[in-house]
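What follows is a short report on a single structure.
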Amino acid sequence: MPQVRTLLSTILLPLLLVGTAAARVPQDPPSEETIQFFKVNCFSCHTIGGGALTGPDLKGLHERRDREWAVRFIRDPKAVLDSGDPYASALASEYRGVVMPTLPGIDATLAGKLYDLIQLESGLEKSRFEGVQVSDRPLNAADVEKGRALFQGSKAFTAGAPACISCHAIAGIGGLGGGKLGPDLTAAYSRLEGRKALVAWLAAPPSPVMQPLFTGHELNEDEILAVVALLKDAAGRGEREADSTSLTFILLGIGVCAALLVVFDLAWRNRFRAVRRPLVARG
Amino acid sequence: MNDFFWFAVLPYVSVVLFLLVTIRRYQTSKFSYSSLSSQFLENQQHFWGTVPFHYGIISVLGAHFVAIVMPRSVLWWNAAPLRLFMLEVTGLGLAILTLVGLINICLRRLANSKARRVTSWGDWFIYGGLLVQVVTGVGIAVFHGWGSSWFAASMSPWIWSLAKLSPDVSYLATMPLLVKLHIINAFLIIAVFPFTRLVHILVAPNPYFWRKTQVVLWNWDRTRIRGTD
């Protein structure tokens, strides 16, 4: 599969790109806001010169697509794809049908600024967005254990990010399992096709729920590797959390409620019940 | 749904309405600050409605309050999975207790002719609002656990942003519909609070908790008079 992808990205896609407009060179340096926006919203799926992650490497985007197309796509990727655009369709099929989400607060001006930023960074020998630099050392059992502790919250993330279990389940947690606000992460490692994309995701989580929580509370390299190790281990297990944990949880809740009702009845066993009935009973 | 309206405008409108009408009602009609108890009319079903409901709702609201004021402490408690499970099970138990109490309250008001007679449309309105609130709360606990953790991580910062007058609705952008409904309904209840029987919350005899004990002397034989001890 990697060979097919390489073939597609190095031969077929550039062919599709032929005929795109020669780009104007942006005059102004990118603003700090644009850089920050790219970092928060784009960097977890794209590099500039560091290879493909969940989405394509953006180096040389201006040579492949003209500004008008790129701005239209960045503003509303799904609309461009739905319009039957051949390039967008080729991208979607190359990236396993993953469609780029609509970015929060995006408009034509911001999309244009992002296009300029990508063009400027593409011209550099080494872009600051070349990719997250995390060690590629082999992951071991100690990493998995550390990842589990971080996932469950028994070991806190250094910068104060919330524990994964708050919102996510994963195979092998035990007890009543993990949270259900976010997706089950058992298959996350295989879904993102391995370590590189997962590292990028964890370095700057792009989901709208996670983004505000992790901005300013980013995971450090050791923590990223530990969580990656846990996710890889979970993917290897292949078993998702049993649905029976939900039923157990509900039954335990009903049990607590029933126990409290019994306590109330006992605590108020001498409560006033009636005037006439006890008198009649005694008579 | 327009997130900004529901989560940045509605909260302020609700709180301002709550404050203004609460004060105005107290100034003009202070003796209406009551829930107009119907316990004299029927007290058997009443017990199984009002006791579970009040113990449940006070505990659940208290838990929300702690998570808003001390989110870090809640996250610290939840750092051990067993403690997280204990907290969640207790929370669900109390939520179901509240629901059981509220359903009993409504059934009693429907089934008992005397209680039904003294139930106003305003009462039914607020019972309906509370039912939506408690049912969505139980639904969130079951379908979107573990709320004690993600509330402290995600909801508390939003509530604090409201308190600091710079609302940040990004925390709520992709929250499930059930969570959004729970929040919107909560602020609607706050908005109508001063028009309903809920005002009795503000005049609960809280000093009973800290006043000096009172010695009650009976000057007759209680056993003979009441037939009980």
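Predicted model, so just to flag it, every value in this text is computed and none were measured.
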Heavy atoms only: give me the nearest [X]-[Y] pair and the separation to one decimal.
X	Y	result
B/Gln44	A/Phe272	NE2-O, 4.5 Å
B/Gly93	A/Cys257	O-CB, 3.6 Å
B/Pro81	A/Gln152	CG-OE1, 3.5 Å
B/Val89	A/Leu252	CG1-CB, 3.7 Å
A/Phe264	B/Leu97	CE1-CD2, 3.8 Å

Under 4.5 Å between any side-chain heavy atoms of [X] and [Y], yes or no?
X	Y	value
B/Pro176	A/Leu181	yes
B/Asn78	A/Ile165	no
A/Lys180	B/Val142	no

Between [atom1] of [X] and [atom2] of [Y], what distance do you get to the nearest 0.5 Å?
X	Y	atom1	atom2	result
B/Leu84	A/Leu176	CG	CG	8.5 Å
B/Phe85	A/Thr248	CZ	OG1	11.0 Å
B/Trp48	A/Leu261	CH2	CG	6.0 Å
B/Ile96	A/Ile250	CD1	CD1	8.0 Å

A quick test of your reading: do over 12 heavy atoms of other residues, nucleotides or ligands sit less than 6.0 Å from [atom1] of [X]?
X	atom1	value
A/Arg276	CZ	no
A/Arg271	CZ	yes
A/Lys232	NZ	no
A/Arg273	CZ	yes
B/Tyr12	OH	yes

(request) Let me know if B/Phe143 has heavy atoms under 4.5 Å from chain A in its side chain, its backbone, both or neither. (result) backbone

(message) What part of B/Val100 gets within 4.5 angstrom of chain A, counting heavy atoms only: side chain, backbone, both, or neither?
(response) side chain

(message) Is the ring pair A/Phe249/B/Trp146 parallel, tilted or perpendicular, if the boundaries are 30 and 60 degrees?
(response) perpendicular

